[in-house]
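Note that the structure is predicted; figures quoted are calculated from it, not measured. Computed over heavy atoms, backbone and side chain alike; hydrogens, waters and symmetry mates excluded.
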Amino acid sequence: NQTLSLNIGAASNALVISSGSTLILGSSTATFTLSFITTTTQKADISGTLQVNTSNAFTTTTITTASGVTVSSTGVIKNNGGAINGSATSLNFALGGTYNHAATAGTVPTATWNSGSNCNITSGSSGTVLGLGQSFSNFTMNTAAAVVITLSTNPTITGTLTMTQGVLALASQTLTLSGTITGSGATFTTTSGSILSIGGTTGGNYGTLYFTGGSQTIGTFTVNRTGASPSVDLGNTLIVQTALNLTSGSVTASTGGLTIGVPATTVTTTRTAGSLTNVPTWGYTTGAYNIIYNGAAAINTGNELPSSATPTNGTLTVSTGGTNVTLMADANIGTLTTSVATTTTFNLNGFTLGLSLATPVSNTGVITANAATSTIKFNGTVAQTFTLGGTYTGSLISNMVVDNSFSTSGLTVSTTNINVGSLTINASRFMTLNGVNINVTKDVDNNGTVTTSIASSAITMNGSLAQTIKSS
């Protein structure tokens, strides 16, 4: 076991490996440790190749003044199973500088990874690689076939991610990608604890993500890519279990598809300025699907909102002051919530919104439901109570439909005064007036039962044209 300790005058190169030269630490019969000692301002120039074999070590951490050891544009450090100990100050990969991790498991050294530097994972066997909780520029997965590299920390890759061969397993870590991706030979494996975030500020398409086995489940998937026409593509199926964050940029999933939710688990989509290009598959079944709109600009509902044939049993929330959300198709949700008085608006836009939870509306903002065909439909299977609250544009709900199927309780209306255009109670459905006066400007179509035990309850026909009370 041999040691070479380097110590030279301040800000001088104690080690130079010239371009075209190779220094190998260790052999089949000896181990070697190369390190810097004492002087904290030493430097080194690696423009050739430094290879650190098994049981050998290269240590730079004594240096505390940048730029320390510089791996230049022609330089390569190859970890062939040894230990490379660095720091952000003492080890510096310049533009074009390369680190090759050929070790099984092992640790990627802490370093400064400048723009255009390269970290390549080329392991021959599967293992958990330590030291990846850094910000890398270019990163390449090019292991032996079927090798699985498992994360133990949270990497950020700001340059090009090249997926040549192997499997990158996120485990319960966060992987942040903000450059571009290329290659389809390597794939991602995820779990319900994994977080994958697609970012970047340069716009354009990030590229296509491929998942191991053609389908993977992930805990959280975030798209926050800004600039001109930002987007990311899914090459096969990604199942989002807990949270889908559409902050900025579009997700295209035409080839394999995006599935939102898994059975019996609550999943939330938060849409700020992002979008889904394709209609996803809905996997939440008995679990609730919550949707939050919190963008600063106006939002038209899109593919993130299921069609009326796929009830969400969750809450649709307009949560940020100044956010205006316009419904673009019929939908069935659990509860509609507008949370900021007078500055959050939800516009039914002539469509039908079904509401199924016990508290179907929690309105402290503005609901616009006065277009001729706008309809609020109470269709729960539990007892529901509707309290008006907040502001309704024009003080009017154009069409109110009671289709609650819960026993004889049905829908209880508890607001003092409600103005509706048409009121419909479907067959075998119940509406209880709890001291409320419902002003109807058009017709009443009662095919169910209207009850009250409070004398002040009333249905007032106050239209300006002929009106009809009927049972269709």
Side-chain angles (χ1 to χ4, degrees), residues 136-142 149 151 155-170 173-192 194-262 267 269-283 291 295 299-306:
F136 300 94
S137 182
N138 300 324
F139 193 96
T140 296
M141 275 289 297
N142 190 16
I149 300 300
L151 300 181
T156 296
I157 301 171
T158 62
T160 300
L161 172 58
T162 302
M163 300 291 279
T164 304
Q165 185 168 264
V167 174
L168 184 58
L170 274 61
Q173 307 304 321
T174 298
L175 176 60
T176 302
L177 308 173
S178 59
T180 57
I181 191 171
T182 184
S184 58
T187 57
F188 297 99
T189 294
T190 59
T191 71
S192 60
S194 301
I195 299 174
L196 178 58
S197 179
I198 308 299
T201 59
T202 59
N205 182 249
Y206 177 76
T208 303
L209 308 174
Y210 293 93
F211 300 94
T212 309
S215 177
Q216 289 287 304
T217 297
I218 194 168
T220 300
F221 182 49
T222 297
V223 179
N224 186 15
R225 191 169 175 84
T226 60
S229 304
S231 64
V232 62
D233 299 336
L234 303 181
N236 46 25
T237 300
L238 180 64
I239 302 168
V240 178
Q241 178 168 328
T242 304
L244 173 63
N245 300 313
L246 301 173
T247 307
S248 179
S250 63
V251 180
T252 300
S254 56
T255 303
L258 174 70
T259 295
I260 298 178
V262 299
V267 59
T269 291
T270 300
R271 184 177 170 199
T272 306
S275 62
L276 300 179
T277 302
N278 308 100
V279 176
T281 298
W282 308 106
I291 305 170
I299 298 174
N300 292 334
T301 64
N303 291 325
E304 77 288 341
L305 181 63

Side chain to side chain contact (heavy atoms under 4.5 Å, CB included) between Leu177 and Val232: does it pass, once the steps are laid out?
-> CA-CA 11 Å; Leu177 308 173; Val232 62; over 6 Å; no

For Thr217 and Thr259, run side chain to side chain contact (heavy atoms under 4.5 Å, CB included): C-alpha distance rounded to whole Å, both residues' side-chain angles, the deciding distance at 0.1 Å, then the answer.
-> CA-CA 9 Å; Thr217 297; Thr259 295; over 6 Å; no

Would Val262 and Ile239 satisfy side chain to side chain contact (heavy atoms under 4.5 Å, CB included), going step by step from the backbone distance to the final call?
-> CA-CA 8 Å; Val262 299; Ile239 302 168; 3.7 Å; yes

Evaluation steps, side chain to side chain contact (heavy atoms under 4.5 Å, CB included), between Asn236 and Thr187 | CA-CA 10 Å; Asn236 46 25; Thr187 57; 5.7 Å; no

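In terms of heavy atoms, Pro306 sits closest to Ile291 at CD-CD1, 4.1 Å. The nearest pair of heavy atoms linking Ser184 to Tyr210 is CB-CE1, 3.4 Å.
In terms of the ring-ring contact (aromatic ring centres under 6.0 Å, His included) criterion, Phe211 has no residue partners (sequence neighbours excluded). Taking Thr189 as the reference, Val167, Ala169, Thr212, Gln216 meet the side-chain contact (heavy atoms from CB on, under 4.5 Å) condition, with sequence neighbours excluded. For Thr190, the side-chain hydrogen bond (donor to acceptor under 3.5 Å, both in side chains) criterion is met by no residue, not counting sequence neighbours. Take Asn138 and apply the side-chain hydrogen bond (donor to acceptor under 3.5 Å, both in side chains) test, not counting sequence neighbours, and it matches Asn118. The side-chain hydrogen bond (donor to acceptor under 3.5 Å, both in side chains) test applied to Thr191 returns Ser194, not counting sequence neighbours.
In this structure, the separation between CG on Leu175 and CZ on Phe139 is 8.5 Å, given to the nearest 0.5 Å. Note that CG of Leu258 and CG of Asn303 are 10.0 Å apart. Values are rounded to the nearest 0.5 Å. Atom-to-atom distance recorded for Ser215:OG and Leu238:CG is 8.0 Å, nearest 0.5 angstrom.
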Enumerate donor-acceptor pairs with a distance under 3.5 Å from any side-chain N or O in residues 218-226 to protein atoms, sequence neighbours excluded.
from   : atom 1 : to     : atom 2 : distance (Å)
Thr222 : OG1    : Asn245 : ND2    : 2.9
Arg225 : NE     : Gly204 : O      : 3.1
Arg225 : NH1    : Gly179 : O      : 3.1
Arg225 : NH1    : Gly199 : O      : 2.8
Arg225 : NH2    : Gly179 : O      : 3.0
Arg225 : NH2    : Gly203 : O      : 3.1
Thr226 : OG1    : Gly200 : O      : 3.4

For residues 271-281, please give each side-chain donor-acceptor pair under 3.5 Å, one per line with the distance, not counting sequence neighbours.
from   : atom 1 : to     : atom 2 : distance (Å)
Arg271 : NE     : Gly274 : O      : 2.8
Arg271 : NH1    : Asn300 : O      : 2.7
Arg271 : NH1    : Glu304 : OE1    : 3.3
Arg271 : NH1    : Glu304 : OE2    : 3.2
Thr272 : OG1    : Asn294 : OD1    : 2.6
Thr277 : OG1    : Val251 : O      : 3.4
Thr277 : OG1    : Thr252 : OG1    : 3.3
Asn278 : OD1    : Ala253 : N      : 2.7
Asn278 : OD1    : Ser254 : N      : 3.3

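A donor-acceptor pair under 3.5 Å is formed between the side chain of Thr158 and the backbone N or O of Phe136.
Within the 4.5 Å cutoff, side-chain heavy atoms of Leu161 are placed close to those of Tyr206.
Each of Ile181, Thr182, Thr140 was checked for a side-chain contact (heavy atoms from CB on, under 4.5 Å) with Thr160, and the lone residue meeting it is Thr182.
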